[in-house]
Amino acid sequence: GKHCTLGYAGLGIVIHRSATIGDRVHICQNVTIGRHPSRPGVPRIDDDVYIGPGAVISGDILIGKGSTIGANAVVLEDVPAGRVVGGIPARVLS
């Protein structure tokens with residue numbers, strides 16, 4: 001996507017080559033975006049998403065526009081647009 005930022009110049013960030021990232025996405029350090037070992041497919045990240053440090057986004061899921069992924073969250077399911085998620089596994093917080 002356009003105008004994306006990688007925290008700490010991309011330190012520790014792993015993004016699967018087939019994952020899609022929208023515009024204006026901020027990805028903090030030590031984030032993993034990729035395949036899940038037991039599920040096919042890779043994540044799709046929509047526009048204006050903030051992904052906190054240490055988060056893991058795994059599998060064929062959609063992170064909706066304007067969502068926030070909390071630090072160290074493990075996201076294994078779709079996140080609706082505009083929501084805040086956190087925890088292991090991640091759940092909607094607001």
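Hydrogens, waters and symmetry mates play no part in the numbers below; they use all other heavy atoms, side chains included.
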Determine all donor-acceptor pairs shorter than 3.5 Å in which one atom belongs to a side chain in residues 40-48; sequence neighbours excluded.
from  : atom 1 : to    : atom 2 : distance (Å)
Arg44 : NH1    : Asp60 : OD1    : 2.7
Asp47 : OD1    : Asp23 : N      : 2.7
Asp48 : OD1    : Arg24 : NE     : 2.6
Asp48 : OD2    : Arg24 : NH2    : 3.3

Under 3.5 Å, which donor-acceptor pairs do the side chains of residues 61-79 form with other protein atoms, sequence neighbours left out?
from  : atom 1 : to    : atom 2 : distance (Å)
Ser67 : OG     : Gly64 : O      : 2.8
Ser67 : OG     : Pro80 : O      : 3.0
Asp78 : OD1    : Leu62 : N      : 2.8

Going from [atom1] on [X] to [atom2] on [Y], what distance comes out if it is rounded to the nearest 0.5 angstrom?
X	Y	atom1	atom2	result
Arg17	Arg35	CZ	CZ	9.5 Å
Ile57	Ile27	CD1	CD1	7.5 Å
Thr32	Ile51	OG1	CD1	10.5 Å

[X] with [Y], same ILVMFWY side-chain cluster at under 4.5 Å:
X	Y	value
Ile15	Val31	yes
Leu11	Ile33	no
Val56	Ile13	no

Quiz item: Is there a side-chain contact between Cys4 and Val25 (heavy atoms, below 4.5 Å)?
Solution: yes
Quiz item: Who pairs with His16 by ring pair (Phe, Tyr, Trp, His ring centres under 6.0 Å), at least two apart in sequence or on another chain?
Solution: none
